Student: 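One structure follows; several queries about it will come next.
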Amino acid sequence: MNSVFNLPGTVEWKDGELFFLDQTLLPLEVVSEKQETAAQVWDSIKRLKVRGAPAIGIAGAYGLAVGMRDKQNLSPEDFLRELAACAEYLNSSRPTAVNLSWALNRVVSKVRTCGISDSRELYRLLTAEAELIHTEDRAICDGIGEHGAELIKDGAGVLTHCNAGALATSGIGTATAPMYTAHAKGRSFRVFSDETRPLLQGARLTSWELQRAGLDVTLICDNMAASVMAGGDIDLVIVGTDRVAANGDVANKIGTLGVAVLAKHFGIPFYVACPSSTVDLTTPCGADIEIEEREAAEVTSFGARRTAPENIKVRNPAFDVTPAELVTGIITEKGIIRAPYQEALVRMFGK
Ligand code: MRU
């Protein structure tokens, strides 16, 4: 159960079975779908049934448990070989959010370095590590909420883009965590949610979960952000992220860069909520982040309806990179980081 929207959790592991809340059906239908195979998990991640950086990390970790369930009779050597192959396969589902490879690597290296030589025990360890990643994420969201809530003053207007909410994590979200925490502390403020074309995560997911939780949320089309800012309704932007590079450049949902440029123009602080699992110190800067390119059909249609001519040329990058100099601060579970980011990120998250 998710405590924010009081429905089945984004990812649930019950009695050795894996379930994803199918986010492609929200807000019209609430369906929790059982995941039977690693191929089904791969497909669910690819098609955004489960989505959002922390959630796909958790989903991938449990995907290993699903994929390795019937491999427990193998020799430990073969078990480890199959585990590495399964991790590589799951990791190929989406490239931009570092949480996926982070979680898969964490589980694989835990199992590989444990020194146990019984495949059933290795499987138990694998599952326990996935559960640990799942529960840790909840506490991380709470930490981001505590640190970020101080930024939201009474009467403020907060703009967010895409969904970095409870639906994207196992807790109260990342970008939404300061909002939920400020709300719980009794602060009164308004949230503006960009609809987030082409897949409408802001309209379908963010506005849905904030509204369910009783926050004051207003949905706007992406192209309205400038005029809402110009009208003085926005005091603060908070977005999530799929990967923060070592220099502080931030990959997030396509359109985030435009919001950051607008925020700079209007003198509005632009914050990024980032769990430690999304920091990638091995990627030097934003230009090194692989940006997922998705199907043209997402752009040439609106829902099921075609809205563009046949054979039109289309670009559909799912993410963009906001340079560190446009970021006012990065809200992490350990505190808010400010420029220069390179040093601050190493100090906080370097080994
Ligand atoms: O394509 P999506 O819906 O997975 O993109 C999600 C985002 O861009 C989120 O802002 C990001 O993953 C952070 S979720 C806490």
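The model shown is predicted, which means the values in this text are computed figures rather than measured ones. The basis for the numbers below is simple: all heavy atoms, side chains too, and nothing from hydrogens, waters or symmetry mates. Order of appearance sets the numbers: ligands from 1, and atoms from 1 within every ligand.
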Student: Decide whether an N or O pair under 3.5 Å exists between T174 and ligand 1.
Tutor: no

Student: At what distance is the nearest protein heavy atom to atom 10 (O) of ligand 1, and which residue and atom is it?
Tutor: N252 OD1, 2.6 Å

Student: Under the 3.5 angstrom rule, does the side chain of S193 hit a backbone N or O of G202 as a donor-acceptor pair?
Tutor: yes

Student: When you measure from the side chain of T206 to the backbone of C162, do you find a donor-acceptor pair of N or O atoms at a distance under 3.5 Å?
Tutor: yes

Student: As a quick check of understanding, evaluate side-chain hydrogen bond (donor to acceptor under 3.5 Å, both in side chains) for E17 and Y62, giving each step before the final call.
Tutor: CA-CA 9 Å; E17 305 283 7; Y62 282 128; over 6 Å; no

Student: When you look at CZ of R306, are more than 12 heavy atoms from neighbouring residues, nucleotides or ligands closer to it than 6.0 Å?
Tutor: yes

Student: Out of curiosity, is C162 lining ligand 1, as in a heavy atom under 4.0 Å away?
Tutor: yes

Student: Does ligand 1 come near enough to G240 that some N or O of the ligand is less than 3.5 Å from an N or O of the residue?
Tutor: no

Student: Under 3.5 Å between any N/O of A53 and any N/O of ligand 1: does that happen in this structure?
Tutor: yes

Student: Suppose I only count heavy atoms of G52 and a 4.0 Å limit; which atoms of ligand 1 are within that range?
Tutor: 4 (O), 12 (O), 14 (S)

Student: Under 3.5 Å between any N/O of Q201 and any N/O of ligand 1: does that happen in this structure?
Tutor: yes

Student: Heavy-atom contact check, 4.0 Å cutoff: does P54 meet ligand 1?
Tutor: yes

Student: Report the nearest protein non-hydrogen atom to atom 13 (C) of ligand 1: residue, atom name, distance rounded to 0.1 Å.
Tutor: T241 O, 3.3 Å

Student: Under a 4.5 Å side-chain heavy-atom rule over Ile, Leu, Val, Met, Phe, Trp and Tyr, are L21 and V31 clustered together?
Tutor: no

Student: Out of curiosity, I56 CD1 to S44 OG, how far, rounded to the nearest 0.5 Å?
Tutor: 12.0 Å

Student: Answer with yes or no whether N163 contacts ligand 1, where contact means a heavy atom under 4.0 Å from a ligand atom.
Tutor: yes

Student: Set out, in order, the CA-CA distance, both residues' side-chain angles and the distance that settles salt bridge (charged side-chain N to carboxylate O under 4.0 Å, His left out) for E292 and R294, then state yes or no.
Tutor: CA-CA 6 Å; E292 177 184 7; R294 294 185 62 86; 2.7 Å; yes

Student: What do we get for A175 next to ligand 1 when only non-hydrogen atoms under 4.0 Å count, side chain, backbone, both or neither?
Tutor: neither

Student: What protein heavy atom sits nearest atom 3 (O) of ligand 1, and how far off is it?
Tutor: R51 NE, 2.5 Å

Student: Are L281 and V272 joined in one hydrophobic group, where the rule is that I, L, V, M, F, W and Y side chains link up if heavy atoms are under 4.5 Å apart?
Tutor: yes

Student: Does any N or O in the side chain of W102 come within less than 3.5 Å of the main-chain N or O of T278, such that one atom is a donor and the other an acceptor?
Tutor: no

Student: Can you tell me if R94 has a non-hydrogen atom under 4.0 Å from ligand 1?
Tutor: yes

Student: Please list the nearest protein heavy atom to atom 11 (C) of ligand 1 with its residue and the distance rounded to 0.1 Å.
Tutor: D242 OD1, 3.2 Å

Student: Polar contacts were defined as any N/O atom of the residue lying under 3.5 Å from an N/O atom of the ligand; does this apply to T169 and ligand 1?
Tutor: no

Student: Counting only heavy atoms not in E88, do more than 12 fall under 6.0 Å of its CD?
Tutor: no

Student: Could you tell me, atom by atom, which parts of ligand 1 come under 4.0 Å of a heavy atom of A168?
Tutor: 14 (S), 15 (C)

Student: Just heavy atoms, cut-off under 4.0 Å: does K253 contact ligand 1 by side chain, backbone, both, or neither?
Tutor: both

Student: Under 4.0 Å between a Lys/Arg side-chain N and an Asp/Glu carboxylate O for K334 and E146?
Tutor: no

